[in-house]
S.K.: 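Questions regarding the structure given below will be posed in turn.
In the text below, chain A, chain B and the rest are named by the order of the sequence lines, each starting its count at 1. Only heavy atoms go into these numbers, but all of them, side chains included; no hydrogens, no water, no symmetry mates.
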Number of protein chains: 2
Amino acid sequence: MRYSLLNPGKRIRPLLTLLAADACGGDAERALPVACAVEMVHVFSLIHDDLPAMDDDDLRRGKPTNHKVYGEGEAILAGDALLTLAFQILADDIRPPQAAARCASVLARAIGACGMQGGQWDDIRGLSDTLSVAGRKTAALIEASCHLGAITAEASPEEITALQAYGWRVGLAFQLIDDSLDEAANDCDTLKTQARLLTDEAVQNISSFGTKASVLIELAEQLTKRDR
Amino acid sequence: MRYSLLNPGKRIRPLLTLLAADACGGDAERALPVACAVEMVHVFSLIHDDLPAMDDDDLRRGKPTNHKVYGEGEAILAGDALLTLAFQILADDIRPPQAAARCASVLARAIGACGMQGGQWDDIRGLSDTLSVAGRKTAALIEASCHLGAITAEASPEEITALQAYGWRVGLAFQLIDDSLDEAANDCDTLKTQARLLTDEAVQNISSFGTKASVLIELAEQLTKRDR
């Protein structure tokens, strides 16, 4: 669990949680357990996606994948335990309990059969188009990361809707850029243009926050420009 | 998810949840979402344990295992999604939210690295003795099943402690009987005797409930006598 979780990553999802909380006038420290839970869920999904029965990857973030180091059974368990720990942290560390239950519901829906896991299912079965898979595999959890930060800040329904819209588009753009960086991509420019349009829309979605959202805007811009 | 979840099983864990709620004067209907969550967690663990990288089983409850029917990647995802759905149900369907958060915490601790998943880890690595593995792999979730039923019934701390003690011993006895039914078992009689003693203690643990616990007592006795 530690090997994969503490491996240096971009930490975009927990960062979005903290920034969303901050944009809604909330306390970043209060959002920290949720941010940790979101990263645990992300890393759980990476460990399982890298397995031979899924994408069969030997390297992740420049290091051998979890199952290469510890074995397949162990990697399945490490992923399972990170997913479980994410929900334990929400239950134990988010107060009031209303917020804990609400966070768990939002997170579970982003992960489950209608979210990330459904997207991965379609991906390995070759069932859906790129954008539908990207939406569920990547954008659902990124949208939830923003949504969850807003919940911990006791945001208004309008603020939550705006941050969800932002998160969804940033998530889609993020995945499209990822796809465009794949050596096998043959429609690089189309993907980058789509990502650019989505990022513009995402920035528009949070325009009502004014300067409180300046870091969120900056982050969206940077993610679209990245080359790795 | 449906293939494995709706496959006929003994449903001992959800049954214990409902009976524990009933013994504490609670409403079985109110405990139903928790009972479902507990069975989902159990089935998730069966799907993953049956995988080639774990116990490599072809049959479960007389039918082909999940990965034999749908493939390994799909079985990993189905298990992940059942685990996720269990926590979604607790968050969405248990009220008040205090009870939802408490249930999620109890369930996560029974499943995680210090519970079921830790037991399975030791099992595949051959690290611990039978009773230590049985405790975490099996008894932790069975104890939690009783504990969770009691929470939905707003049980007193004394009632919860008694039902936890009962569930832990019933869980250990259950696993020992399972082990004794294994064709490869060479210490059948010792295992059965140990299970018998644990069941007697379990029945003693809930003596203060009087006739309200009569079905729990009957169930413990039957589980010890089973031959399949």
Side-chain angles (χ1 to χ4, degrees), chain A residues 1 41 44-45 47-49 51-56 67 70-125, chain B residues 1 41 44-45 47-49 51-56 67 70-125:
Chain A
M1 292 166 74
V41 166
F44 133 75
S45 78
I47 295 174
H48 281 194
D49 285 2
L51 287 165
M54 303 268 214
D55 301 342
D56 196 12
H67 66 273
Y70 296 100
E72 278 182 54
E74 286 83 349
I76 295 170
L77 283 171
D80 292 345
L82 280 170
L83 175 58
T84 305
L85 189 55
F87 284 105
Q88 184 178 322
I89 284 176
L90 295 186
D92 286 349
D93 296 340
I94 303 298
R95 290 289 169 271
Q98 281 89 334
R102 207 170 148 202
C103 285
S105 179
V106 166
L107 187 61
R109 284 165 193 279
I111 302 169
C114 297
M116 196 171 72
Q117 289 156 355
Q120 176 69 359
W121 172 279
D122 279 7
D123 200 15
I124 61 176
R125 292 231 149 179
Chain B
M1 292 165 74
V41 166
F44 133 75
S45 78
I47 295 174
H48 281 194
D49 285 2
L51 286 165
M54 302 268 213
D55 301 344
D56 196 12
H67 66 273
Y70 297 100
E72 278 182 54
E74 287 83 348
I76 294 170
L77 282 171
D80 292 345
L82 280 169
L83 175 59
T84 305
L85 189 55
F87 284 105
Q88 185 178 322
I89 284 177
L90 295 186
D92 286 350
D93 296 341
I94 303 297
R95 290 291 170 273
Q98 282 88 335
R102 207 169 148 202
C103 285
S105 179
V106 167
L107 187 61
R109 284 164 193 280
I111 302 169
C114 297
M116 196 171 72
Q117 289 154 355
Q120 177 68 1
W121 172 279
D122 279 7
D123 200 14
I124 62 177
R125 293 233 149 175

S.K.: I'd like to verify something: which residue of A/Asp80, A/Asp55, A/Leu107, A/Ile89 has the highest number of heavy-atom pairs under 4.5 Å with chain B?
M.R.: A/Asp80
S.K.: Quick check for you: among A/Ala86, A/Pro97, A/Gly79, which has the greatest number of heavy-atom pairs under 4.5 Å with chain B?
M.R.: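 Heavy-atom pair counts peak at A/Pro97.
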S.K.: So what's closer than 4.5 Å to chain A heavy atoms on B/Leu85: side chain, backbone, both or neither?
M.R.: neither
S.K.: Considering residues at least two apart in sequence or located in another chain, which fulfil the side chain to side chain donor-acceptor pair (under 3.5 Å) criterion with B/Ser45?
M.R.: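 Scan of B/Ser45 (side chain to side chain donor-acceptor pair (under 3.5 Å), adjacent residues dropped) gives none.
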S.K.: First locate atom CZ of B/Phe44, then atom CG of B/Leu82, and finally report the distance between them rounded to the nearest 0.5 Å.
M.R.: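 Reported to 0.5 Å precision, the distance equals 9.0 Å.
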S.K.: Using heavy-atom distances under 4.5 Å, tell me whether A/Met1 contacts chain B through its side chain, its backbone, both, or neither.
M.R.: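 Interface part for A/Met1: side chain.
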S.K.: If you look at every heavy atom in A/Ser105 and B/Asp92, which pair is closest and at what distance?
M.R.: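 So the minimum-distance heavy-atom pair works out to OG-OD1, 2.5 Å.
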S.K.: Any idea how B/Phe87 and A/Phe87 line up, ring-wise: parallel (<30°), tilted (30 to 60°), or perpendicular (>60°)?
M.R.: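 Parallel: the ring planes of B/Phe87 and A/Phe87 meet at under 30°.
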S.K.: Taking every non-hydrogen pair under 4.5 Å, which of A/Ile94, A/Asp49, A/Ile111 racks up the most with chain B?
M.R.: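 That would be A/Ile111.
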S.K.: Only pairs of heavy atoms separated by less than 4.5 Å count here; which of B/Arg125, B/Glu72, B/His67 has the most with chain A?
M.R.: B/Arg125
S.K.: Using 0.5 Å steps for rounding, measure from the CG atom of A/Leu83 to the CD1 atom of A/Ile47.
M.R.: 10.5 Å
S.K.: Tell me, do B/Val41 and B/Met116 make a side-chain contact under 4.5 Å, heavy atoms counted?
M.R.: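 B/Val41 reaches B/Met116 side chain to side chain.
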S.K.: Need one label for B/Arg102: side chain, backbone, both or neither, based on atoms under 4.5 Å from any heavy atom in chain A.
M.R.: neither
